Amino acid sequence: MSSFDEMDAFESASLSARAMAARPAPYLDGLNPAQRAAVEQMDGPVLMLAGAGTGKTKALTTRIVHLMATGRARPNEVLAVTFTNKAAREMKNRVGQMLGQQVEGMPWLGTFHAICVKLLRRHAELAGLKSNFTILDTDDQLRLLKQLVAADGIDDKRWPARMLSGIIDGWKNRALTPDKVPAADAGAYNHRGVALYTQYQTRLKELNAVDFGDLLLHMVTIFQTHEDVLAQYQRWFKYILVDEYQDTNVAQYLWLRLLAQGHKNICCVGDDDQSIYGWRGAEVGNILRFETDFPGSHVVRLEQNYRSTPHILAAASGVIAGNEGRLGKTLWTEATEGEKVRLIGHWDGEEEARWIGDEIEAMQRGTRGMDPIDLDRMAILVRASHQMRAFEDRFLTIGLPYRVIGGPRFYERMEIRDAMAYFRVVTSPDDDLAFERIVNTPKRGLGDKAQQKIQVTAREHGVNLVEGARILLAHDGLGGKGGAQLRRLIDGIDRWNKMLRGPAMPVQTDSEVLDDESGPARVEYGPPEISHVELAEIILDESGYTGMWQNDKTPEAPGRLENLKELVKALEQFENLQGFLEHVSLIMDNESDDGGAKVSIMTLHAAKGLEFPAVFLPGWEDGLFPSQRSMDESGIKGLEEERRLAYVGITRAEELCTISFAANRRVFGQWQSSMPSRFIDELPEDHVEVLTPPGLYGGGYGAAGMAATASPKMQDMMRSDLHEKAAEANVYNSPGWRRLQARSGQRGVSQPSEARNVVIDMNAVSSFVMGERVFHQKFGYGAVIGIEGDKLEVDFEKAGIKKVVSRFLTGCDDVPF
DNA sequence: TACATAGTAGTTTTT
DNA sequence: CTACTATGTA
């Protein structure tokens with residue numbers, strides 16, 4: 001089926017390539033020699049190794065322009081892939097800018113996923129799907145898996161569906177269909193993994209749905225099994241460009257390799273030192289292997305950095321040098337020295353937040369002869385999102401405007417997902433997951449029992465849930481209130497569905513229209529009588545969904561109604577509901593923000609690709625950063641990825657980079673003491689200035705301040721001394737330690753000898769003794785009257801005698817010791 | 001069926 | 001400590 005003719009018709013550019021080729025190429029002037037080489041080497045495989053801040057987007061966009069200007073390819077013959085919509089948008093804008101808006105658009109510039117959707121819609125039938133398939137998000141995916149796991153009689157406790165979801169994603173990332181899963185993985189998920197994966201894929205087909213991983217997987221499979229289809233695209237895409245190549249997974253790699261096989265005109269841009277998505281299936285190996293994968297390739301290194309000061313670059317280089325097997329780059333800059341990277345230790349997380357808050361305010365005013373820095377130009381980059389809370393709390397109390405990037409996203413909010421589930425049921429009745437979501441929202445008196453009946457009926461008749469419900473009602477299978485309510489819902493869905501499609505028209509024969517966006521569609525209905533925006537309002541209204549929130553008295557209800565309004569407004573920008581739903585499933589970013597100047601708080605992952613004059617990097621403690629879990633799960637590989645994360649963090653800074661750590665932190669309500677991160681030891685001391693935290697009197701920690709004036713050698717010693725001191729200070733002063741110490745006679749608790757990562761569990765089983773006064777969140781104060789393993793019998797003053805797990809008890813601080 | 005309570009688990013997350 | 005899930009009770 002092909003639609004290359006259509007592509008021509010629909011997507012041909014208004015650019016006259018030949019006309020441009022005749023002129024000189026002024027766009028090449030602003031490039032440095034390396035960038036220029038990367039642009040001008042158009043044929044054959046090219047690997048552009050682009051360090052942080054070396055102008056790779058510029059090189060990439062110029063290359064696209066050059067391809068068109070020299071007449072090598074038309075805009076619709078260039079395949080340019082990115083990972084994020086943001087990157088795609090930026091590239092589109094910049095190409096457009098350089099060409100002076102002469103190009104209509106590049107239909108094949110987009111994210112891997114967006115491009116695969118487009119392709120898969122054209123060839124859906126080859127994957128056993130209809131071209132209007134739905135794209136499930138991770139939430140739907142998990143719910144579906146839960147159903148399958150439950151049906152299999154598996155104990156969700158021991159084998160959580162989330163785990164299975166991770167395993168399946170892992171397989172899909174490696175482009176493994178169920179039949180290709182290697183024998184070594186057969187034991188996965190209690191030996192049921194492969195079977196459930198098979199069931200899951202079958203179920204997805206029944207639902208006419210795909211998950212994110214499928215978009216790639218299906219296309220790779222189609223390319224592998226349908227030579228003709230592959231050949232078409234190999235011919236069509238004359239040049240291929242890939243951004244952030246270090247983040248590609250196996251499936252993406254195979255997809256690219258298949259497409260590039262013919263002409264091998266593939267240009268991959270990336271930086272092995274910025275590969276931070278290994279945990280998501282990215283294979284640094286892809287970029288490391290490029291030269292062997294594509295023999296005869298040209299490698300271009302972009303090493304001139306236009307972003308950061310020499311101190312910052314040196315600090316980043318020092319840290320990343322600890323990794324092995326790098327392709328290796330040496331970043332350099334013409335910039336003048338600037339400030340050293342600043343390092344500061346704090347007593348605890350709250351103090352760290354306080355200090356950073358003060359520092360930001362000082363910098364905003366302009367301090368120590370430095371020009372004032374706008375809040376917009378400062379960022380706090382954390383390893384884990386839970387670190388953000390300390391900053392939010394602090395900034396709220398001092399009234400410092402901040403913005404959290406990458407928090408709960410608009411389209412992930414409950415009310416938005418509910419509303420969209422309604423739209424999905426109306427637009428694609430096979431979408432059982434959407435139906436399940438809304439069948440009892442708002443409450444319709446349809447509980448587990450009733451839903452069970454609908455499921456059974458649907459399965460018996462081999463139809464979707466909407467039809468199942470209809471049959472059930474027709475056979476009087478559901479009486480009472482629930483039945484009547486269900487009737488109303490089904491009637492509603494039918495009515496809305498009619499409004500969506502417009503009045504039925506006599507079926508016109510031979511009128512298959514190929515719509516480039518959504519694939520072939522048979523014309524059977526007249527134009528809708530109302531707009532999709534109105535329809536959306538009607539659906540939300542008549543279903544009682546809006547009413548549900550209007551009647552809700554909880555404080556967040558008004559906000560949710562506001563969000564629903566926003567959702568309806570967002571609909572205006574789309575031609576129909578389907579278009580909107582697809583947009584939402586692929587575009588999960590949340591760009592909307594009121595303009596005011598604010599400090600940005602985000603994770604290191606979210607910061608990739610961004611830059612700020614002033615950057616704060618808090619929480620550099622072993623266990624937090626590098627993350628313990630990362631190291632436990634992936635060992636040295638995990639540690640190296642953490643190190644790359646540190647590299648990414650430091651290289652975000654243009655002028656000023658401040659790294660900090662806290663000796664104590666409250667984690668899940670318990671105090672935890674940590675050593676400063678090992679990455680701190682890896683910072684080259686010549687480029688680091690150690691600051692003294694305020695309010696610390698003598699001993700312990702002041703050493704850090706003194707170190708600043710000491711000789712480098714001495715500094716080094718003192719810095720490692722700082723580790724010891726911090727650990728000691730913590731251990732002896734934390735409430736938990738005092739408690740353990742008090743009881744060490746009875747319990748034989750010994751002093752931890754290893755300094756690294758000392759965790760004190762105040763609520764450890766062994767720390768409770770008979771007769772001890774304890775506190776329980778719900779029951780209040782009481783005395784321990786019995787101990788059985790980790791269960792304690794406690795006589796509460798108000799609540800009486802209860803058996804409680806020791807975790808839920810806290811000893812009282814007034815215990816004498 | 002719906003709500004309250006007990007229990008449990010708890011990175012990073014471009015699409 | 002918090003946010004979610006499973007269980008028990010009205």
Side-chain angles (χ1 to χ4, degrees), chain A residues 81-88 110-117 135-138 141 146 156-157 160-162 166 169 172-173 210-216 243-244 246-249 251-252 276-282 381-390 405-409 411-412 440 443-451 480-482 582-589 602-610 619 623-634 638 641-642 644-645 648-649 665-671 763 776-779 791 802-805 807-808 810:
Chain A
V81 218
T82 65
F83 273 84
T84 66
N85 292 295
K86 205 169 145 199
T111 63
F112 275 102
H113 296 268
I115 290 170
C116 281
V117 171
I135 304 160
L136 300 186
D137 60 26
T138 43
Q141 186 187 358
K146 273 198 175 139
D156 191 74
K157 279 269 162 53
R162 186 172 289 284
D169 278 347
K172 289 189 175 178
N173 286 336
V210 298
D211 62 22
F212 283 125
D214 280 339
L215 293 172
L216 258 302
D243 193 16
E244 307 280 17
Q246 77 281 352
D247 288 335
T248 49
N249 61 32
Q252 288 156 341
I276 56 175
Y277 283 102
W279 52 274
R280 249 182 134 280
L381 312 182
V382 297
R383 172 68 248 261
S385 50
H386 63 75
Q387 289 173 262
M388 293 180 181
R389 189 177 327 182
I405 304 218
R409 290 177 282 206
Y411 294 118
E412 276 169 11
N440 200 31
K443 295 264 148 55
R444 294 192 175 88
L446 298 161
D448 286 347
K449 275 271 164 56
Q451 292 187 39
K481 233 174 161 180
E582 173 158 323
H583 167 84
V584 167
S585 56
L586 290 176
I587 301 192
M588 296 299 267
D589 58 355
M602 68 187 94
T603 62
L604 287 161
H605 285 90
K608 193 167 85 163
L610 304 178
L624 179 58
F625 187 44
S627 128
Q628 192 59 51
R629 191 153 153 191
S630 206
M631 294 186 292
D632 290 349
E633 277 174 11
S634 318
E641 183 154 312
E642 296 286 309
R644 292 192 289 267
L645 213 37
V648 166
R665 214 174 268 282
R666 249 185 119 84
V667 183
F668 307 141
Q670 295 173 46
W671 281 102
N763 305 320
H776 185 274
Q777 190 68 41
K778 295 251 154 58
F779 305 137
K791 288 221 169 61
K802 303 251 183 224
K803 276 201 182 153
V804 196
V805 178
R807 290 199 55 197
F808 295 94
T810 323

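From a predicted model like this one, the values you see are computed outputs, not experimental measurements. Below, chain A is the first sequence line, B the second, and so on; all start at residue 1.
Judged by distance alone, with hydrogens and angles left aside, the side-chain atoms of A/D247 form no donor-acceptor pair with the main-chain N or O of A/A282 at under 3.5 Å. Looking at A/Q141, its side chain never comes within 3.5 Å of a backbone N or O of A/L136 through a donor-acceptor pair. A donor-acceptor pair is defined here as one N or O able to donate and one able to accept, closer than 3.5 Å; such a pair exists between the side chain of A/Q387 and the backbone of A/A384. In this structure, A/Q252 contributes its side chain and A/F112 its backbone to no donor-acceptor pair below 3.5 Å. Not one N or O on the side chain of A/H113 forms a donor-acceptor pair closer than 3.5 Å with the backbone of A/L215.
Place A/S630 and A/E244 on DNA chain B by their nearest nucleotides, and A/S630 ends up nearer the 5' end. Along DNA chain B, the nucleotide closest to A/G447 and the one closest to A/K608 are compared, and the more 5′ of them pairs with A/G447.
In this structure, of B/dT12, B/dC3, B/dT15, it is B/dT15 that holds the atom nearest to the side chain of A/N85. Proximity note for A/K449 (side chain, C-beta onward) versus B/dT11, B/dT15, B/dT1: the nearest is B/dT1. Nearest nucleotide to the A/K443 side chain, out of B/dT13, B/dT15, B/dC3: B/dC3. Side-chain proximity of A/A450 to B/dG10, C/dT5, B/dT1: nearest is B/dT1. Taking every side-chain heavy atom of A/R389 into account, C/dT2 is the closest of B/dA2, B/dT15, C/dT2.
Side-chain contact between A/L604 and A/I276 is absent, with no heavy atoms from C-beta onward closer than 4.5 Å.
Between A/H386 atom NE2 and B/dT12 atom P the separation is 7 Å, expressed in whole Å. Between A/M388 atom CE and B/dT11 atom P there is a gap of 13 Å when expressed in whole angstrom units. Between the P atom of B/dT13 and the CD atom of A/E641 lies a distance of 13 Å, rounded to the nearest Å. Taking atom CD1 on A/I276 and atom P on B/dT13, their separation rounds to 9 Å, with Å as the unit. For the pair A/E633 CD and B/dT11 P, the interatomic distance rounds to 11 Å; values are reported in whole Å. Distance A/D448 CG to C/dG8 P: 15 Å, rounded to the nearest Å. Remark: C1' of B/dT12 and CG of A/L624 are 11 Å apart, rounded to the nearest angstrom. Atom-to-atom, CD of A/Q387 to P of B/dT12 comes out at 9 Å; the value is rounded to the nearest Å.
A donor-acceptor contact under 3.5 Å links the side chain of A/R383 to the base of B/dT12. At a cut-off of 3.5 angstrom, the base of B/dT15 holds at least one donor-acceptor pair with the side chain of A/R280.
Checking the phosphate oxygens (OP1, OP2) of B/dA2, a side-chain nitrogen or oxygen of A/N440 falls inside 4.0 Å. Phosphate contact (OP1/OP2 of B/dT15, side-chain N/O of A/T138, threshold under 4.0 Å): absent. OP1 or OP2 of B/dT15 has not a single side-chain nitrogen or oxygen of A/T84 nearer than 4.0 Å.
Between A/H386 and A/F668, the ring planes lie tilted relative to each other; the angle falls in the 30° to 60° range.
As judged by a 4.0 angstrom heavy-atom cut-off over every strand, A/Q252 is placed among residues making no nucleic acid contact. Nucleic acid contact class of A/Y277 (heavy atoms, under 4.0 Å, all strands): base. Within the nucleic acid shown, A/S627 comes within 4.0 Å of at least one base atom, counting heavy atoms only.
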Pairing annotation in dot-bracket form, given for DNA chain B with Watson-Crick or G-U pairs under 3.5 Å and | for cross-strand partners:
||||||||||.....
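Once the 5.5 Å centre distance and the 30° plane angle are applied, the aromatic ring of A/W279 is found stacked with the base of B/dT12.
One distance of note links CG of A/N173 with CZ of A/R280; it measures 7.0 Å at 0.5 Å rounding. In this structure, the separation between OH on A/Y277 and CZ on A/R644 is 13.0 Å, given to the nearest 0.5 Å.
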